[in-house]
There are 4 protein chains.
Amino acid sequence: MRHKDEAKQDAIIRATVKLVNEIGFVSSSVSKIAREANVSPATLYIYYENKEDLLVSTYIDIKRRMSEAALEGFDDGLPIRDIIKRLWFNLFRFIADNPGDFQYTEQFGNSPYSSLVDQSEVEKHFAPLVEIARRGIERKIIKDVPLEFLQIFIFYPIFVLANPRLCAGFEGDEQSVETAFDMAWDAIKL
Amino acid sequence: MRHKDEAKQDAIIRATVKLVNEIGFVSSSVSKIAREANVSPATLYIYYENKEDLLVSTYIDIKRRMSEAALEGFDDGLPIRDIIKRLWFNLFRFIADNPGDFQYTEQFGNSPYSSLVDQSEVEKHFAPLVEIARRGIERKIIKDVPLEFLQIFIFYPIFVLANPRLCAGFEGDEQSVETAFDMAWDAIKL
Amino acid sequence: MRHKDEAKQDAIIRATVKLVNEIGFVSSSVSKIAREANVSPATLYIYYENKEDLLVSTYIDIKRRMSEAALEGFDDGLPIRDIIKRLWFNLFRFIADNPGDFQYTEQFGNSPYSSLVDQSEVEKHFAPLVEIARRGIERKIIKDVPLEFLQIFIFYPIFVLANPRLCAGFEGDEQSVETAFDMAWDAIKL
Amino acid sequence: MRHKDEAKQDAIIRATVKLVNEIGFVSSSVSKIAREANVSPATLYIYYENKEDLLVSTYIDIKRRMSEAALEGFDDGLPIRDIIKRLWFNLFRFIADNPGDFQYTEQFGNSPYSSLVDQSEVEKHFAPLVEIARRGIERKIIKDVPLEFLQIFIFYPIFVLANPRLCAGFEGDEQSVETAFDMAWDAIKL
DNA sequence: GATGAATGAGTGTTCATTCAT
DNA sequence: CATGAATGAACACTCATTCAT
């Protein structure tokens with residue numbers, strides 16, 4: 001028997017991300033993805049149960065890599081501001097280095113498939129940060145507001161800035177990222 | 001396009017918004033929208049060039065009403081912080097009163113149709129605010145950062161908070177909105 | 001607007017019966033039926049909800065016409081043997097005149113769609129006969145056995161004889177039909 | 001074809017019969033049969049030329065065992081009625097003991113594959129019975145009608161009665177089988 | 001202006017079969 | 001001998017759009 005061709009699976013994932021970025025989630029049909037990956041539509045069903053499985057798996061995989069990158073060098077001992085700043089820059093770096101992957105997650109989040117993913121499962125990777133936020137509130141460094149509010153002012157500005165659809169002009173240079181971080185920090189700091 | 005039967009056109013728009021909210025952008029086919037509006041699919045093509053035209057027009061229409069609501073009671077003479085705070089609360093009121101309309105714009109923004117809209121056309125309604133921002137920077141009340149940065153910390157937090165998909169728990173009570181505004185203001189103020 | 005083309009609906013039904021007879025139920029796909037009827041596959045869905053609806057409707061229609069034919073000239077006042085004999089000949093005449101229709105019902109009965117039809121709904125047309133059977137038993141003309149047994153020896157021989165797949169050689173001439181009826185009557189008479 | 005691993009071939013046949021009974025002829029795909037038999041789809045093509053060959057072979061195999069069972073204890077010396085009655089009860093016993101095998105033949109008989117089987121090949125097992133029929137006619141015990149007519153009134157009632165789709169209520173108890181046989185005998189006896 | 005009928009092109013998915021190991 | 005990977009062709013069905021009235 002033949003053995004599963006990992007190059008083929010990779011090609012499918014790459015084709016998926018590429019197509020979703022180019023023509024959007026809705027138009028990215030199974031047959032188009034298959035053609036892009038130089039594979040028969042039927043082959044795709046060897047590697048994934050169905051379209052949903054393909055899209056969700058790809059999403060979860062990217063999110064995992066993204067959170068790993070975000071938490072890289074996480075050091076509990078540093079001052080809270082430094083921890084968050086590190087996260088902020090890590091995320092920017094990841095998005096700058098993998099714009100396609102990032103854009104895929106953005107598109108996925110607004111697709112009907114989004115509701116199939118247990119969001120808490122994805123967010124659990126950020127558990128250490130939740131701990132940090134709590135500590136910051138306790139020590140009166142961070143405003144005593146619901147966690148969602150903190151998330152909104154820390155994470156979403158990053159995503160908006162990095163999303164070329166929403167911020168076409170933004171280049172992501174070191175200086176601008178620093179500026180944006182200062183604003184975010186001002187929003188949440190006490 | 002202007003046509004005789006405005007009631008019919010209204011029915012089509014209402015049906016579009018309703019369906020998109022109920023079953024999503026992807027599943028909202030022309031014939032379903034027509035059925036919901038008690039109209040023939042062919043009739044729809046009398047009022048709109050094609051599906052794209054229908055969806056885009058509906059989007060622009062909502063955005064127009066939204067910016068009108070946001071700028072209601074705009075008073076150039078007030079302190080900058082008060083102007084922005086008024087805007088902030090106006091937006092919340094509109095979203096709370098027209099959740100379907102708001103959700104439509106969110107869905108639209110992430111659909112492939114989004115790129116067909118000249119975003120500057122939509123944003124021109126906020127021209128007075130741009131003026132205010134510029135004045136705030138000049139008077140050293142607001143940080144001297146690109147306009148996009150200010151927008152990100154003022155507008156996006158509102159949209160995120162109001163989007164039930166992103167912030168399921170948020171109720172939009174007066175107190176929470178005030179808290180969120182304080183954070184936003186801290187982000188942009190000098 | 002165009003009005004529904006009855007010729008088109010007829011063409012679809014005829015194509016369905018023809019194809020099922022020629023290539024069987026399984027191979028009779030929607031697109032093949034559409035092609036045979038000189039119609040787009042999509043058109044078929046204007047006249048029928050789905051494939052199941054098409055096949056079941058066609059079946060029920062044929063069964064209705066068949067039972068009408070079978071009961072033609074039904075006269076409660078005649079001797080029981082004459083009533084049944086008349087039915088027997090009526091059925092043969094219908095099958096001989098509409099071999100395709102008959103074969104369709106045979107194929108349908110063994111298709112997976114068969115279970116979707118409420119069989120009692122189809123058999124209710126034969127209610128008068130059930131009454132006759134009951135009377136025959138009462139008057140000690142017919143054997144006192146379950147109704148199914150009577151049905152088996154009256155109806156099924158007809159279907160088998162008329163089915164070219166099962167009885168290729170049988171021509172259905174008057175004399176043979178008479179002979180077969182005599183056997184059936186001997187089976188059920190007391 | 002004869003091959004080394006007869007256990008494997010047996011597993012394939014059993015899986016075929018089981019699946020056809022559970023999910024029907026149409027849904028019984030090669031890969032599902034292979035999975036049920038714990039075998040690769042490719043393996044199946046070592047034992048059988050193609051799907052058709054598999055299904056037809058399985059059918060012929062069952063028919064062979066069925067006719068063997070039917071003719072068990074066949075004794076040329078007995079009275080004709082007793083010979084046929086014995087056959088009648090033998091068949092019922094086989095069907096009651098092997099409902100899956102019987103149902104498979106019923107399904108097969110109405111599938112498009114049915115036409116691929118030389119029916120005379122299957123019926124040759126019943127050659128002794130044909131001889132008996134001929135003798136019965138000669139001795140004026142049985143009606144002088146075409147052989148098919150006799151077959152119809154002897155065999156088909158059995159199949160109908162035993163087919164749960166056609167006779168859901170029938171239990172196959174000794175008494176009922178006896179009753180049915182009496183009817184059949186009345187039909188063919190002079 | 002308004003309509004329901006009509007359609008070719010597309011959807012996600014499964015199929016019987018063959019390939020390479 | 002035996003396998004799982006691989007596939008083109010087909011499946012039932014829906015789509016945005018146009019046609020004829």
Side-chain angles (χ1 to χ4, degrees), chain A residues 1-6 8-9 26-35 38-55, chain B residues 1 3-5 8-9 26-35 38-55, chain C residues 1-6 8-9 26-35 37-55, chain D residues 3-5 8-9 26-35 38-55:
Chain A
M1 69 135 174
R2 269 182 231 170
H3 28 293
K4 234 172 203 162
D5 190 347
E6 253 181 71
K8 208 155 271 184
Q9 173 144 25
V26 183
S27 307
S28 295
S29 68
V30 170
S31 46
K32 283 180 192 161
I33 292 172
R35 201 178 310 125
N38 267 318
V39 146
S40 160
T43 304
L44 213 143
Y45 286 83
I46 295 168
Y47 293 88
Y48 299 94
E49 247 179 71
N50 46 35
K51 191 188 183 184
E52 171 188 319
D53 185 24
L54 164 62
L55 298 178
Chain B
M1 279 185 226
H3 292 270
K4 292 273 163 66
D5 196 344
K8 209 156 269 182
Q9 177 147 21
V26 184
S27 307
S28 295
S29 68
V30 170
S31 46
K32 283 180 192 162
I33 291 172
R35 202 178 308 128
N38 269 318
V39 147
S40 161
T43 304
L44 216 142
Y45 284 81
I46 296 167
Y47 291 86
Y48 298 95
E49 247 178 71
N50 48 32
K51 191 187 185 184
E52 172 190 316
D53 185 23
L54 163 63
L55 298 177
Chain C
M1 68 133 176
R2 270 185 231 170
H3 28 292
K4 234 171 202 161
D5 190 348
E6 253 181 71
K8 208 156 269 182
Q9 173 143 23
V26 183
S27 305
S28 295
S29 68
V30 170
S31 47
K32 283 180 193 161
I33 292 172
R35 201 177 310 125
N38 266 318
V39 147
S40 160
T43 303
L44 213 143
Y45 287 84
I46 295 169
Y47 294 87
Y48 299 94
E49 249 179 69
N50 48 34
K51 190 188 184 184
E52 172 189 318
D53 185 24
L54 164 63
L55 298 178
Chain D
H3 290 269
K4 291 276 162 64
D5 196 343
K8 208 157 271 185
Q9 176 147 21
V26 183
S27 307
S28 295
S29 68
V30 170
S31 47
K32 283 181 192 161
I33 291 172
R35 200 178 310 125
N38 269 319
V39 147
S40 161
T43 305
L44 216 141
Y45 284 82
I46 295 167
Y47 291 86
Y48 298 94
E49 248 178 72
N50 49 31
K51 192 187 182 183
E52 172 188 317
D53 184 24
L54 164 63
L55 297 178

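So that the names make sense, note that chain A is the first sequence line, chain B the second, and so on, each numbered from 1. Worth saying up front: this structure is predicted, and the values here are computed from it rather than measured.
- Between the OH atom of Y48(D) and the C1' atom of dA2(F) there is a distance of 16 Å, rounded to whole Å.
- The structure places OG of S28(B) at 8.0 Å from CG of L55(B), a figure rounded to the nearest 0.5 Å.
- Taking all atoms of both residues into account, the shortest heavy-atom contact from A34(D) to S40(D) is CB-C, 3.8 Å.
- Between Q9(A) and Y47(A), the shortest heavy-atom contact is OE1-CD2, 3.4 Å.
- K8(C) places no side-chain N or O within donor-acceptor distance of the main-chain N or O of V39(C), the cut-off being under 3.5 Å.
- An OP1 or OP2 oxygen of dA5(E) is reached within less than 4.0 angstrom by no side-chain nitrogen or oxygen of K8(C).
- The partner of dA2(E) is dT21(F), judged by Watson-Crick or G-U wobble contacts that both fall below 3.5 Å.
- dG8(E) atom P lies 11 Å from atom CG of N38(C), rounded to whole Å.
- Between S29(B) and the phosphate of dT14(F), there is no side-chain N or O to OP1/OP2 separation shorter than 4.0 Å.
- The side chain of K51(B) has dA16(F) as its nearest neighbour among dC13(F), dA16(F), dT13(E).
- Atom pair Q9(B):CD and dG1(E):C1' shows a separation of 13 Å (rounding to whole Å applied).
- Between S31(C) and dC11(F), a side-chain N or O to OP1/OP2 separation shorter than 4.0 Å is present.
- Between R35(C) and P41(D), the residue anchored closer to the 5' end of DNA chain F is P41(D), taking for each the nucleotide with the nearest heavy atom.
- Rounded to whole Å, atom P of dT11(E) lies 18 Å from atom CD of E52(A).
- In terms of phosphate contacts, S40(B) brings no side-chain nitrogen or oxygen within less than 4.0 Å of OP1 or OP2 of dA2(E).
- Here the P atom of nucleotide dT11(E) and the CG atom of L54(A) are 14 Å apart, to the nearest Å.
- Here K32(B) does not reach the OP1 or OP2 of dA16(F): none of its side-chain N or O atoms lies under 4.0 Å away.
- Proximity note for A42(D) (side chain, C-beta onward) versus dT17(F), dT13(E), dT18(E): the nearest is dT18(E).
- Computed from coordinates, the N50(A) CG to dT13(E) P distance equals 5 Å when rounded to whole Å.
- Nearest-nucleotide assignment on DNA chain E puts the 5′-proximal partner with L44(B), out of L44(B) and T43(C).
- Out of dC11(F), dA2(F), dT11(E), the shortest distance to the side chain of Y47(D) is found at dA2(F).
- Using Watson-Crick or G-U wobble geometry with both donor-acceptor distances under 3.5 Å, dC15(E) finds its partner in dG8(F).
- Of all non-hydrogen atoms in L54(B) and I33(B), the two that sit nearest each other are CD2-CD1, 4.1 Å.
- Straight-line distance from the CD atom of E49(D) to the C1' atom of dA16(E): 14 Å, rounded to whole Å.
- Nucleotide dG8(E) holds its C1' atom 15 Å from the OH atom of Y45(C), rounded to whole Å.
- Here the closest non-hydrogen pair linking Y45(B) and N50(B) is CE2-CA, 3.7 Å.
- Within 4.0 Å (heavy atoms only), V30(A) reaches at least one base atom of the nucleic acid.
- With dG4(F), dT13(E), dC1(F) as the choices, the nucleotide that has an atom nearest any side-chain atom of I46(D) turns out to be dC1(F).
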